[in-house]
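Take a look at the structure below.
As the structure is a prediction and not an experimental result, all values here were calculated from the model.
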Amino acid sequence: MRRKVALIVLFGLMVLAVGLILFPGGSARLPQTVSAAEGHGFDVADLDTTCKPCQDFFNYASGGWIKRNPIQPEYASWGRFNALQNHNQEVLRQILEAAAVTKSANGSIDQKIGDFYSACMSTDAVEAAGIKPIEPELERIAAISNLAQLQDEAAHLQSLGTRVFFSFGSEQDDKNSQQVIGGASQGGLGLPDRDYYTKDDDKSKQTRDQYVQHIGKMMELAGDAPDKASAEARTVLAIETQMAKASKTRVERRDPEANYHKMDPAQLRALTPDFSWETYFRNVGFPNIHSVNVGQPEFFQALDKQLKSVPISDWKIYLRWHLITASAPALPGKFVDENFNFYGRTLTGAKEIQPRWKRCVNATDRNLGEALGQKYVEKVFPPQAKQRANQMVQNLVASLRSDLETLPWMSDPTRKQAVAKLSAIALKIGYPDKWRDYSAYEVGRDSYIANLERGSAFEFHRELAKIDKPVDRTEWGMSPPTVNAYYDANMNEIVFPAGILQPPFFDAQADDALNYGGIGAVIGHEMTHGFDDQGAQYDAQGNLHNWWTPEDLKNFKERTACVEKQFDSFVVTDDLHENGKLVLGESIADLGGLTIAHMAFDHTLAGKPEPAPIDGFTPEQRFFLSFARIWGTTARPEFERMMTTVDPHPLPRFRAAGALMNTPEFAKAFDCQAGDKMVKPSDQVCKIW
């Protein structure tokens, strides 16, 4: 439940002669070059030399790579993040297959990850079991006869990983970041977002119709007659539509102050007279929870009324549906295929389901991430890689500090607070200093779905056990193999798993231009999240507290409004634009990350002879090419439409172009001129940091 901001939730040039490069919009004769083939770097074949860098730098930097790397059938998009993730999956597969065939001591890491993976891969056992593994839960649902039993069963299903009614877990107190409290937020939907239920455009109506058809098919697979299944599907949609209408939009949920409502038991009772929180806490095993942040009180008030107005028989259909859909990945192939048909093919445009081994690798990582991560780190992340990454972070921190200390629009009182916050940012690189203890999680080869249920129960209990206790600052929110990074506002920390500290983002053997343009911009991105439109509302201790003077806050909001307006203008497809308010935080971080990374890179060149160009590119050009290439991605139209609705990150092509358009150093490096698409008019340039 903690507020984390992640990098992604989860993305030429014609060489005429050695040293002579033709730049559309200008030309430059460069010194004698060396080739990247002599060391580590990028492949010039990744460029698309038919594109002009000053008109379309995204395709200029990655068009060749994109053409050679079309979207694989089992993916909704394919880019550099996917390619690295695919590589990491192969490494994890080797680890898991070795563990699966090795006789290891019961309770050991190898036993747990090996047995989990083996049970997942045992398709014969899954097929033979049918839906028997969930029959006890289906019987519990069928036995519900009153509101109290309905609430009891909802709590039980939540503990098993079934997302009914709402979301509940632990989170740091936004206004006392040293303490953990309970966190309750809106939820209970089967579609990706409340907008899928509330929008009236033809595409949204079509998606709802397809969702109803999907529910009906799944209910039929579970044994219901077609007519009954069809009626049940309409019932589910009706219930979820009421929930969606009471839910806040994703933009509204980006305001931390508006989503902070700390309540004690008496206030919870007053909020929902017909939903007993005392009983809920007892059912989930923690009867003495004293403080809960109710993120969206209006949702819970509406749900409280809905619990009484909707017949128990309809609620039983709703619970049954959510149990079946949550269990589908571990049920026989007919459930898996129908589940993919809607959530994969219909919503994202993916053509094929991922092979079983990839799904099992991902499931192992989700359930035993830090156990599997220990093996991964031993294999791919040597100490020297961590040391170089750490040095880069320190250089970027120094650059951001220098920037904060000289910003012309920030007054000294605010500046002092900003520098203090930067100095307090904690750094986590590669993997945790203290590994998670999975001894309470029983894993066997007998049943894949049983492993999933026990894993969900383990994690649910682990999260709730934190409530009303001090914060554990050693904890990580991502597993080491994850190709991502994040900033946590309450912890005031930046976290970089080993999974992303790999080429093309980071290469300990590559030149500074590539590393600062790649992982340097990622590091700067996460640091800048501490000062984006959300992060700027938290102080150095991670508390929601205004540390800005009124005039500085006004200046800051004017600058962020420029970024919002810029991204509103980006056209996804004919009738769909980026939502500037939704992607504002990530766009601010992209711009700030690029700016800070470039400053740090310049610092590495200070007082030294300018390095020779490589493959005809100056260090400056290689820096910007490295930045753009990490966003090299192509995606299916269905997926882009979905992500524009639900994802606070802009689409990759806009991430590559948006920040560069506001960067004069980029225009200078590629001799771009006023009027070029990659050069914004001076009065429209967005500059914050």
Any luck finding a side-chain donor-acceptor pair between [X] and [Y] under 3.5 Å?
X: Y376; Y: N88; result: yes
X: E586; Y: H525; result: yes
X: D671; Y: Q673; result: yes
X: N86; Y: E90; result: no

- Please say which of F556, W689, Y487 ends up in a ring-ring contact (aromatic ring centres under 6.0 Å, His included) with F531. W689
- Message: As a test of understanding, state which of F570, F57, W631 forms a ring-ring contact (aromatic ring centres under 6.0 Å, His included) with F654.
- Response: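 Single ring-ring contact (aromatic ring centres under 6.0 Å, His included) partner of F654 among F570, F57, W631: F570.
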- Message: The criterion is salt bridge (charged side-chain N to carboxylate O under 4.0 Å, His left out); which residues satisfy it with K67, sequence neighbours excluded?
- Response: D48
- Query: Quick one: salt bridge (charged side-chain N to carboxylate O under 4.0 Å, His left out) partners of E74, sequence neighbours excluded?
  - Reply: K358
- Query: Under the criterion side chain to side chain donor-acceptor pair (under 3.5 Å), which of D365, N484, T364 is the partner of S479?
  - Reply: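 The passing option is D365.
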Test your reading of the model: is there a side-chain donor-acceptor pair from [X] to the backbone of [Y], 3.5 Å cut-off?
X: E564; Y: T560; result: no
X: N492; Y: K421; result: yes
X: D647; Y: H649; result: yes
X: R636; Y: Y75; result: yes
X: D193; Y: D195; result: yes
X: R80; Y: R629; result: yes
X: N82; Y: G79; result: yes
X: N662; Y: C686; result: yes
X: S626; Y: G518; result: yes
X: E578; Y: L651; result: yes

- Over 12 foreign heavy atoms within 6.0 Å of CG, D683: yes
Just so I know, are the side chains of [X] and [Y] near enough to count as touching, which here means a heavy-atom distance under 4.5 Å?
X: L584; Y: D532; answer: no
X: W409; Y: E558; answer: no
X: L514; Y: D511; answer: yes
X: F381; Y: I429; answer: yes

Please check if the distance between the ring centroids of [X] and [Y] is under 6.0 Å.
X: F666; Y: F627; answer: no
X: W435; Y: W476; answer: no
X: F81; Y: F505; answer: yes

Lys/Arg-Asp/Glu bridge criterion (N-O < 4.0 Å) met for [X], [Y]:
X: D255; Y: K581; result: no
X: D46; Y: R68; result: yes
X: R254; Y: D533; result: yes

- Task: Would you please test R622 and D512 for salt bridge (charged side-chain N to carboxylate O under 4.0 Å, His left out) and show each step?
- Result: CA-CA 9 Å; R622 286 167 61 78; D512 282 339; over 6 Å; no
- Message: According to side chain to side chain donor-acceptor pair (under 3.5 Å), does anything in residues 597-614 pair up with another residue at least two apart or in another chain? List the pairs.
- Response: H598-E620
- So, for G658 and Q566, which heavy atoms are closest and what is the spacing to 0.1 Å?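 Where G658 meets Q566 most closely, the heavy atoms are O-NE2, 3.1 Å.
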- Task: Might you work through the salt bridge (charged side-chain N to carboxylate O under 4.0 Å, His left out) test for R473 and D433, ending with a clear yes or no?
- Result: CA-CA 11 Å; R473 294 190 174 272; D433 294 327; over 6 Å; no
